[in-house]
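Below is one structure, written out as structure tokens; comments come after it.
In what follows, every chain begins at residue 1, and chains take the letters A, B, ... in the order their sequences are listed. Owing to the predicted nature of the structure, the values given are computational and were not obtained by experimental measurement.
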Amino acid sequence: MTAPTKPTPAASESLHSPVIDWFDENARDLPWRRPDAGPWGVMVSEFMLQQTPVSRVLPVYEQWLRRWPRPADLAADAPGEAVRAWGRLGYPRRALRLHGAAVAITERHGGDVPSDHAQLLALPGVGEYTAAAVASFAHGQRHPVLDTNVRRVFARAVTGVQYPPNATTAAERKLARALLPDDERTAARWAAASMELGALVCTAKNETCHRCPIAGQCAWRLAGKPAHDGPPRRGQTYAGTDRQVRGKLLAVLREAHTPVPQAALDQVWDEPVQRARALDGLVADGLVEPLPDGRYRLPHA
DNA sequence: AAGTCGTGGAT
DNA sequence: TATCCAAGACT
């Protein structure tokens with residue numbers, strides 16, 4: 001066998017083409033991926049998708065963009081309206097932060113979602129992942145986009161373990177940076193493709209390796225798919241927590257279109273200490289506004 | 001840096 | 001029925 005005329009491709013590069021080709025054939029047709037979605041549409045989707053499944057985001061997303069097609073439209077409305085329109089997506093502080101981001105974009109960026117990563121990161125509710133996602137998906141830039149899907153794909157395909165660590169590590173960031181294609185457009189495509197692979201094929205449970213374009217080079221699969229070892233990944237109980245009480249309280253206020261008396265809130269939970277703590281927390285978070293007359297409503301300013 | 005913060009579908 | 005988990009951010 002003669003020596004190859006080209007250097008042997010690095011293992012990283014051998015992942016790009018199959019995953020991107022797979023994406024070209026299998027990408028879901030999601031509204032925030034349409035060309036007309038624009039940076040604001042991408043940003044709204046990223047806020048809503050934080051910890052929330054696509055299927056539940058879809059209807060709220062459509063309604064949201066119809067009502068507030070530009071950041072300035074949302075900024076001009078009361079934050080409580082954002083909380084109300086958020087509906088039952090969960091983690092309603094995200095609605096408040098998205099409203100805050102719209103205000104900041106209107107004030108600091110002339111109403112246009114910034115393309116600069118540092119400026120994105122400075123917006124409320126925008127962390128490392130969301131800043132990279134908006135810069136990459138909306139502006140075609142080259143950034144490592146490390147969400148839970150990508151982290152799982154890398155953990156398996158490269159590191160050879162079933163699950164990534166609980167919190168993102170420096171090693172993961174280094175790996176994501178090393179795997180990032182040099183070309184900007186290819187890097188943006190890779191980010192979306194590797195994320196979609198984790199969402200559709202390399203899932204947390206019941207992964208479908210027979211549909212995976214890189215199954216032949218997956219370190220975890222080649223090792224016989226050993227089960228996750230170590231402490232169980234923290235399970236989140238919910239029943240009886242403050243979070244559940246907060247959810248019940250806020251649900252009453254979302255449905256009400258006039259200020260709600262204390263007595264109405266008292267009915268959602270019978271333990272007074274926890275109930276008061278939950279309400280105080282909502283007020284402290286700015287999700288609920290107490291009025292001088294003792295009633296409560298969603299925030300107006 | 002470990003905890004907190006919602007919700008509902010799937011298994 | 002109980003547990004898991006879904007494109008994280010913030011403190």
By the 4.0 Å heavy-atom rule, please label [X] as base, sugar-phosphate, or nothing.
X	result
A:Trp86	nothing
A:Gly90	base
A:Arg152	sugar-phosphate
A:Val145	nothing
A:Leu89	base
A:Gln244	nothing

Are A:Arg297 and A:Glu289 ion-paired here, with the side-chain N under 4.0 Å from a carboxylate O? yes

Can we say A:Asp77 and A:Arg67 salt-bridge, meaning some charged N sits less than 4.0 Å from an Asp/Glu carboxylate O? yes

Picking from [options], which would you name as closest to the side chain of [X]?
X	options	answer
A:Tyr129	B:dC5, C:dA9, B:dT11	C:dA9
A:Leu30	C:dA7, B:dT7, C:dG8	C:dA7
A:Ala199	B:dG8, C:dA9, C:dA7	C:dA7
A:Arg88	C:dA9, C:dA7, B:dG8	B:dG8
A:Pro53	B:dG6, C:dA7, C:dA6	C:dA6
A:Thr148	B:dC5, B:dT7, C:dG8	C:dG8
A:Ala204	C:dC5, C:dG8, B:dT7	C:dC5
A:Tyr91	C:dC5, B:dG8, B:dC5	B:dC5

Considering only heavy atoms from C-beta outward, does the side chain of [X] approach that of [Y] to under 4.5 Å?
X	Y	value
A:Arg28	A:Arg33	yes
A:Tyr163	A:Arg156	yes
A:Leu265	A:Val252	yes

Without decimals, in angstroms, what is the distance between [X] [atom1] and [N] [atom2]?
X	N	atom1	atom2	answer
A:Leu250	B:dT7	CG	C1'	12 Å
A:Leu120	C:dA7	CG	P	21 Å
A:Glu207	B:dA10	CD	P	19 Å
A:His228	C:dC5	NE2	P	10 Å
A:Leu96	C:dA9	CG	P	17 Å
A:Asn206	C:dA6	CG	C1'	15 Å
A:Leu121	C:dA9	CG	P	9 Å
A:Glu46	C:dG8	CD	P	9 Å

Toward the 5' end of DNA chain B, by each residue's nearest nucleotide, A:Lys205 or A:Gly247: A:Gly247

Starting at the 5' end of DNA chain B, which residue's closest nucleotide do you reach first, A:Leu282 or A:Ser55? A:Leu282

Would one find a side-chain N or O of [X] under 4.0 angstrom from OP1 or OP2 of [N]?
X	N	value
A:Gln51	C:dG8	yes
A:Arg277	B:dT4	no
A:Arg94	B:dC5	no
A:Thr130	C:dA9	yes
A:Tyr238	B:dG6	no

Got more than 12 heavy atoms from elsewhere within 6.0 Å of CZ, A:Arg277? yes

Give a yes or no on whether A:Gln244 atom CD has more than 12 heavy-atom contacts from other residues, nucleotides or ligands under 6.0 Å away. yes

Residue pairs involving residues 97-121 of chain A (criterion side chain to side chain donor-acceptor pair (under 3.5 Å); sequence neighbours excluded): none

Residue mapping more 5' on DNA chain C - nearest nucleotide basis, A:Ala131 or A:Arg56: A:Arg56

With A:Trp86, the ring pair (Phe, Tyr, Trp, His ring centres under 6.0 Å) member among A:Phe47, A:Trp64, A:Tyr61: A:Trp64

Interatomic distance at [atom1], [N] relative to [M], whole Å:
N	M	atom1	value
C:dC4	B:dG3	P	16 Å
C:dA7	B:dT4	P	23 Å
C:dA6	B:dA1	C1'	23 Å

Base of B:dT7, side chain of A:Arg243 - is there a donor-acceptor contact under 3.5 Å? no

I need the residues from residues 97-108 of chain A with at least one non-hydrogen atom less than 4.0 Å from DNA chain C; give them sorted by number, or say none. A:Arg97

Checking the side chain of A:Gln274 only, and the main-chain atoms of A:Glu271 only, is there a donor and an acceptor separated by less than 3.5 Å? no

